[in-house]
Amino acid sequence: MKRQVAVIGLGRFGYWVAETLVKEGCEVLAIDTDPEKIQAISDLATFAVQCDATDERALKAVSVQNVDVAVVSIGENIEASILIVQTLKEMGIKQVIAKGVTAQHGKILKNLGVSEVIFPERDAAIRLARRLVSPNVLEYLELAPGFSVEELTVPDHMSGLRLCEAKIQEAYNVNLIGIRKKVTRMVKGRMTTDEVFNVTPSLDDVIEKGDILVLVGKQEDLQRLTKSE
Ligand code: ATP
């Protein structure tokens with residue numbers, strides 16, 4: 001059965017979430033007070049409903065309680081965001097994910113029992129800044145305060161080494177989750193390049209220039225590794 005997701009608040013963030021979910025094959029119930037926002041998403045979403053989501057009866061009328069996940073993407077009206085999250089939790093929706101604007105807003109949402117608070121602007125800003133100071137960091141995801149997963153290009157001094165020689169874990173106290181490699185081969189007489197993700201690297205695997213290492217660990221240890229020459 002298709003995963004059913006309600007997206008409440010169709011600003012830029014909510015719209016992108018809804019669009020991507022539809023592309024990924026989910027059923028999306030899109031809700032907004034603004035008729036133009038509903039009009040704009042009506043061809044895309046499975047159901048698009050104009051209503052005030054602070055109104056519990058309106059939410060029940062569109063069976064929001066039956067969705068698997070609800071995403072609340074309202075930033076400007078913090079009061080509405082809190083009221084909606086509270087109502088959704090009272091309706092028994094297990095997974096509610098909400099956009100936070102300030103740390104205090106995020107804290108209240110957490111106290112109401114949301115599974116996850118997203119700070120899109122903050123997270124995008126941190127990711128950009130991390131990439132600017134460490135150009136070999138391609139992706140960055142904070143897992144818990146102080147810990148993250150990073151994708152980084154192989155530092156020059158490790159290029160050509162076997163994993164047992166690179167001593168990533170011993171020297172930097174971080175764990176290698178996998179290695180992404182570009183592999184070029186001949187298919188039906190034509191050279192094609194594919195990306196292969198090796199999630200079970202062995203100590204004899206060689207890391208080469210152009211490979212991408214996916215690592216998890218403390219941010220300070222990851223930074224030592226990204227800055228190492
Ligand atoms: P962006 O993602 O564009 O940065 P934002 O967080 O600033 O958005 P807001 O301006 O807060 O977005 O509003 C997001 C959407 O939520 C708007 O389209 C707005 O009409 C809708 N919205 C606000 N209050 C309610 C409500 N009570 N019920 C349903 N939709 C609402």
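What you see below is based on every heavy atom in this structure, not just the backbone, and it leaves out hydrogens, waters and symmetry mates. Start at 1 and go down the list; that is how both ligands and their atoms are numbered. Source: prediction; values computed, not measured.
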One line per pair, note the atom names and distance for all nitrogen or oxygen contacts under 3.5 Å between ligand 1 and the protein.
| from | atom 1 | to | atom 2 | distance (Å) |
| --- | --- | --- | --- | --- |
| ligand 1 | 2 (O) | Arg12 | N | 3.2 |
| ligand 1 | 2 (O) | Phe13 | N | 2.8 |
| ligand 1 | 2 (O) | Lys99 | NZ | 3.1 |
| ligand 1 | 3 (O) | Arg12 | N | 2.7 |
| ligand 1 | 3 (O) | Arg12 | NE | 2.9 |
| ligand 1 | 3 (O) | Arg12 | NH2 | 3.4 |
| ligand 1 | 4 (O) | Arg12 | NH2 | 3.1 |
| ligand 1 | 4 (O) | Lys99 | NZ | 3.4 |
| ligand 1 | 6 (O) | Gly75 | N | 3.0 |
| ligand 1 | 6 (O) | Lys99 | NZ | 2.6 |
| ligand 1 | 11 (O) | Gly75 | N | 2.8 |
| ligand 1 | 11 (O) | Glu76 | N | 2.5 |
| ligand 1 | 18 (O) | Asp32 | OD1 | 3.3 |
| ligand 1 | 18 (O) | Asp32 | OD2 | 2.6 |
| ligand 1 | 18 (O) | Lys37 | NZ | 3.0 |
| ligand 1 | 20 (O) | Asp32 | OD1 | 2.6 |
| ligand 1 | 20 (O) | Thr33 | OG1 | 3.4 |
| ligand 1 | 27 (N) | Asp52 | OD1 | 2.9 |
| ligand 1 | 28 (N) | Ala53 | N | 3.0 |
| ligand 1 | 30 (N) | Thr33 | N | 3.3 |

Q: Could you name each residue pair satisfying salt bridge (Lys or Arg N to Asp or Glu O under 4.0 Å) that touches residues 69-86, not counting sequence neighbours?
A: none
Q) Side chains of Ser202 and Asp204: do they bring a donor and an acceptor to under 3.5 Å? A) no
Q | Note: Arg224-Glu220 ion pair, threshold 4.0 Å (strictly below) | A | no
Q | Qualifying residues under salt bridge (charged side-chain N to carboxylate O under 4.0 Å, His left out), relative to Lys2, sequence neighbours excluded | A | none
**Q.** Counterpart residues, side-chain contact (heavy atoms from CB on, under 4.5 Å), relative to Pro201 (two or more places apart)
**A.** Leu163, Leu176, Ile179, Asn198, Asp205
Q) Considering residues, nucleotides and ligands other than Phe197, do more than 12 of their heavy atoms fall under 6.0 Å from its CZ? A) yes
